[in-house]
2 protein chains.
Amino acid sequence: MTSKDPGAPGLARLAGLIADESRAACLLALLDGRAWTAGELARHAGVAASTLSEHLGKLVAGGLLAEERQGRHRYVRLADERVAQLVEDLAAQVAPQARRPRTLRASSAGSAMAAGRTCYDHLAGRLGIAVTDALTVRGLLRQDTGFALTDAGLTWFDATGIPLRRTGRRPLARACLDWTERRPHLAGVAGAALCRHALDEGWCVRIGSERAVKVTPAGEDALTGLLGIDPAALR
Amino acid sequence: MTSKDPGAPGLARLAGLIADESRAACLLALLDGRAWTAGELARHAGVAASTLSEHLGKLVAGGLLAEERQGRHRYVRLADERVAQLVEDLAAQVAPQARRPRTLRASSAGSAMAAGRTCYDHLAGRLGIAVTDALTVRGLLRQDTGFALTDAGLTWFDATGIPLRRTGRRPLARACLDWTERRPHLAGVAGAALCRHALDEGWCVRIGSERAVKVTPAGEDALTGLLGIDPAALR
DNA sequence: CGGACGGTTCGGCGAGCACCGAAGCGTCCG
DNA sequence: CGGACGCTTCGGTGCTCGCCGAACCGTCCG
């Protein structure tokens with residue numbers, strides 16, 4: 001067989017989109033699931049606006065980002081959940097090595113991220129792991145034979161008032177490898193619904209404009225009452 | 001926030017390893033789960049041996065490949081199941097577009113691949129999908145709430161004589177998006193065990209030295225008897 | 001209406017890198 | 001022992017691509 005796999009050029013092109021430090025920084029920043037403006041991303045990546053404009057053009061053309069123009073702003077976000085998952089998976093593959101914060105500020109920001117954060121549209125960090133573990137030990141989520149909600153789990157979401165809307169082919173429950181904890185946490189439709197519910201109900205709030213989130217006193221009560229989570233483990 | 005995410009350089013470097021057409025061709029070829037020699041890969045990718053030697057050096061240094069020297073041969077394979085999954089996921093993201101075979105030979109090779117093939121260490125193509133679907137309708141695999149074997153599924157594997165050895169943190173069941181069918185098929189420990197059993201028992205055999213596999217008459221009997229699969233659907 | 005601002009386009013520069021062929025090294029085999 | 005073979009190392013070459021600043025366009029606001 002001397003014939004190259006026909007998928008090779010496409011694979012290389014896709015990887016090439018991510019294989020630039022500035023573009024990689026954009027994708028990681030956009031993992032918070034929100035839309036950023038071109039200027040914000042340029043400052044974040046530390047390059048000129050003109051440079052970043054070209055990067056955005058490539059990422060959008062490559063289908064990784066979706067854009068939305070509003071007035072003189074160009075808002076951009078990850079195209080869909082599949083792209084988010086891809087970036088997560090790649091980042092998780094990198095994680096094994098280096099994770100050493102340089103400055104004190106970065107260190108404290110890092111510890112906030114480690115305590116709790118959003119990962120695209122679901123919860124991650126110690127918070128995400130705590131929720132996932134609590135669901136598992138209560139028999140609502142099954143991880144020993146794969147990764148799926150149980151019938152009791154479906155009932156729990158329903159009873160708790162968290163609607164699970166099956167949309168397209170997105171799985172109801174999916175494992176997402178947590179960067180900081182090195183263990184899987186709940187993603188998919190259920191993970192997104194739970195995260196949205198937690199933010200809507202004020203169980204947790206975003207810290208600043210970053211991905212890190214903090215559990216509120218009301219949230220501690222709710223998580224303890226509903227899932228038996230020890231609040232001390234979340235700090 | 002003017003500080004770049006510390007993971008950006010690593011992410012870019014990892015993607016950069018895949019962002020070359022020759023290296024991408026190697027990774028796709030290695031998805032068959034076997035070890036290839038440097039020379040085989042050079043011919044496959046269509047570049048000089050010297051060029052490919054450098055590529056292998058980078059892929060090994062980057063942790064994507066594991067090498068094994070034997071005499072004057074340099075055998076190389078994907079480092080682990082995580083890398084295989086990563087390449088699969090990236091390839092699946094590309095797939096939506098182009099899938100048009102050029103030559104007749106490529107077309108027939110393509111149809112054989114579409115009928116049945118291995119995907120790293122599990123079954124894929126119509127064969128993989130047929131098995132996955134059969135497991136699902138028989139209540140042995142649950143896909144509606146995630147992706148996990150049921151208790152009945154565990155019993156079935158045991159009764160059928162396919163041992164499931166839990167190794168490290170690899171999930172027992174995992175969904176792997178099928179390139180050709182655009183639907184998930186069974187991967188993980190169970191998928192690998194099933195594939196190995198099928199090859200060991202002669203249910204299917206490799207076609208030539210490629211990833212494509214063909215179901216044998218004995219295999220048709222076994223799949224029909226054990227899972228109620230219609231042999232006609234596999235051709 | 002005019003200036004500030006966000007974003008884009010363009011030209012040019014410099015670095016990185018994939019590629020090859022030639023030469024060299026170790027292994028295998030007649 | 002000598003030649004074939006698989007692989008690696010090394011220069012050298014050409015192209016790609018990320019980057020910037022300057023100029024330009026449209027939007028927002030005083």
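Values below: every heavy atom of this structure, side chains too, minus hydrogens, waters and symmetry copies. Proteins get letters first, then strands, A, B, ... in listed order; numbering begins at 1 in each.
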Under 3.5 Å, sequence neighbours excluded: what are the donor-acceptor pairs made by side chains of residues 65-77 of chain A?
| residue | atom | partner | partner atom | Å |
| --- | --- | --- | --- | --- |
| A:Glu67 | OE1 | A:Arg74 | NE | 2.7 |
| A:Glu67 | OE1 | A:Arg74 | NH2 | 2.9 |

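The side chain to side chain contact (heavy atoms under 4.5 Å, CB included) check on A:Ala19 picks up B:Ala15, B:Ala19, with sequence neighbours excluded. A:Arg126 is linked by a side chain to side chain donor-acceptor pair (under 3.5 Å) to nothing, counting only residues two or more places apart in sequence or in another chain.
The CG atom of A:Leu17 sits 15 Å away from the C1' atom of D:dT16 (whole-angstrom rounding). When rounded to the nearest whole Å, the span between CG of A:Asp20 and C1' of C:dG16 equals 12 Å. If you measure from atom CD1 of A:Ile18 to atom P of D:dG18, you get 13 Å, rounded to the nearest angstrom.
Checking the phosphate oxygens (OP1, OP2) of D:dG18, a side-chain nitrogen or oxygen of A:Lys58 falls inside 4.0 Å.
Within the structure, every pair that satisfies the side-chain hydrogen bond (donor to acceptor under 3.5 Å, both in side chains) test and touches residues 49-60 of chain B, not counting sequence neighbours, is listed here: B:Arg23-B:His55. The stretch residues 184-196 of chain B participates, sequence neighbours left out, in these side-chain hydrogen bond (donor to acceptor under 3.5 Å, both in side chains) pairs: B:His122-B:His185, B:Asp178-B:His185.
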Strictly under 4.0 angstrom, non-hydrogen atoms only: write out the protein contact profile of nucleotides 4-10 of chain D, one letter per nucleotide from the 5' end, B, S or -.
BBSSBBB

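Projected onto DNA chain D by closest heavy-atom contact, A:His55 and A:Gly71 fall at different nucleotides, the more 5' of which corresponds to A:His55.
Counted by atom type alone, B:Arg117 and B:Thr180 present one or more donor-acceptor pairs between their side chains at under 3.5 Å.
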